[in-house]
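All remarks here apply to the structure that follows.
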Amino acid sequence: MTTGQARSRNETLDDSQAWDIAVLGGAGHVGLPLSIAMASRGASVLIFDHDEAAVKLVNRGDMPFREAGADAALAQVLESGRLRATTDPAAAGAAETLIVVIGTPVDEHLNPDPNAIPRVLSSISQYLRSEQLLILRSTIYPGVTRLVERTLVDLNLELDVAFCPERIAEGHAMTELFSLPQLVGARSERAAKRAGDVFRLLTDRIIEVDPEEAELAKLFTNNWRYLKFAVANQFYMIANDHGLDYERIRLVLAQDYPRAQDLPGAGFAAGPCLLKDTMQLAAFNDNNYFLGHSAMLINEGLPLYLVQQLETMHPLAEMTVGILGMAFKAQSDDIRSSLSYKLKRILGFRARRVLCTDPFVTTDPELVSLEQTLEESDLLIIGAPHEQYRRLQPATPVADVWGLLGRGVRV
Ligand SMILES: NC(=O)c1ccc[n+]([C@@H]2O[C@H](COP(=O)([O-])OP(=O)(O)OC[C@H]3O[C@@H](n4cnc5c(N)ncnc54)[C@H](O)[C@@H]3O)[C@@H](O)[C@H]2O)c1
């Protein structure tokens with residue numbers, strides 16, 4: 001690895017410069033922390049992303065989204081000259097290693113698109129070089145590593161390929177990138193060694209597997225989490241339907257009982273990954289995935305369940321309902337696939353008026369202040385359990401499935 005020299009911070013690419021690592025999709029939620037982390041460990045990292053606004057922000061030293069610990073680290077790596085971002089696709093060929101971490105969403109029918117990454121690589125193939133190492137880091141549909149290898153052969157390119165899944169949780173990337181072991185899925189010893197060397201910048205715990213094992217390992221990881229949340233939410237509904245407080249039951253059953261420590265609390269299981277990756281696994285198994293589909297129905301059904309419960313207790317159609325927290329999880333500004341928005345849509349039909357607030361979300365012009373929400377709402381629902389809400393003691397009734405306010409979770 002060469003250590004980067006001080007570099008200019010504009011968005012165009014100086015093609016005389018060689019970089020250790022280029023990150024395609026590097027201004028995103030996974031790519032940016034990864035790029036910063038690798039640059040902080042001495043690699044020179046060139047981010048390539050087609051989001052012009054995000055690229056500008058990064059080069060200016062501003063994080064485009066919240067990520068704990070990333071702001072100071074970004075400033076440092078920019079200052080050292082080891083990180084730069086560009087929208088120029090020639091960046092893909094400017095480094096010894098190209099890491100791909102673009103989004104891999106399912107479509108509106110919940111189908112994955114296995115060709116998304118091969119398509120992007122084909123579109124930039126003129127910049128790829130046979131001696132490069134290509135690391136796939138997006139969460140991919142099983143078989144995509146093989147598809148990428150075939151695509152490269154069709155393009156007469158002989159890059160080493162590895163699939164090295166990202167397993168951080170958003171908001172914890174700047175610690176977890178250094179603390180989690182790294183799965184390296186590669187077919188050849190050379191690709192495994194080269195990819196292992198790249199990730200040894202972050203950790204010495206490298207676990208070598210076949211690409212297909214790594215692909216399923218990543219999907220199983222997210223599916224396991226999603227299924228656990230579904231169990232918790234189903235238990236919540238059962239307890240609630242019988243007039244009981246799930247959280248009280250959960251706490252007593254887990255007390256000094258190691259086998260139940262991993263039973264989660266209830267709450268919205270949302271965001272850009274868990275449902276999407278459950279649907280990827282379902283598609284991979286020809287839609288024969290009863291457990292995954294059940295988990296989807298339970299988790300995605302929680303907002304409607306809450307509204308139905310509230311309707312039995314309150315004249316919702318005459319009420320202003322305030323949703324506290326629109327991000328998909330606590331302390332986040334990320335609203336992608338947030339169930340608070342599903343809740344908002346349902347309430348749009350069933351309540352007189354809906355007010356939404358969030359201290360972190362900056363991308364939704366319809367949000368109002370916390371003060372206005374508290375003042376004008378007849379009923380409140382906690383959508384995201386931001387710490388800021390913990391100290392609230394509103395006089396209006398609150399539906400708090402998370403148990404944040406300490407008043408119980410029954411609705
Ligand atoms: N968000 C998470 O917590 C998380 C955790 C682990 C794994 N993952 C996986 O990582 C991948 C990326 O997720 P994310 O949350 O970072 O998505 P994101 O949308 O935040 O980031 C993707 C980035 O890729 C860029 N991009 C997309 N197509 C491009 C193209 N053709 N050329 C250049 N740039 C392009 C986008 O502009 C964006 O900045 C997904 O496969 C996701 O499942 C996400």
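Indexing begins at 1, ligand by ligand and atom by atom, following the structure's order.
- Here K193 does not pair with E208 in a salt bridge; the nearest charged N to carboxylate O distance is not below 4.0 Å.
- A donor-acceptor pair shorter than 3.5 Å can be found between the side chains of T145 and E215.
- Residue M237 comes nearest to Y305 through the heavy atom pair O-OH, 3.4 Å, listed as atom of the first residue, atom of the second, then distance.
- A salt bridge links R190 with D160: the closest approach of a Lys/Arg side-chain nitrogen to an acidic carboxylate oxygen falls below 4.0 angstrom.
- Within 4.0 Å of ligand 1, the residues that place a heavy atom are L24, G25, A27, G28, H29, V30, D49, H50, D51, V101, I102, G103, T104, V120, S138, T139, E166, I168, E170, K218, C273, K276, R336, listed by chain and number.
- With hydrogens and angles disregarded, a donor-acceptor distance shorter than 3.5 Å links the side chain of Q132 to the backbone of A92.
- Below 30°, between 30° and 60°, or above 60°: for F284 and Y141 the angle between ring planes is above 60°, a perpendicular geometry.
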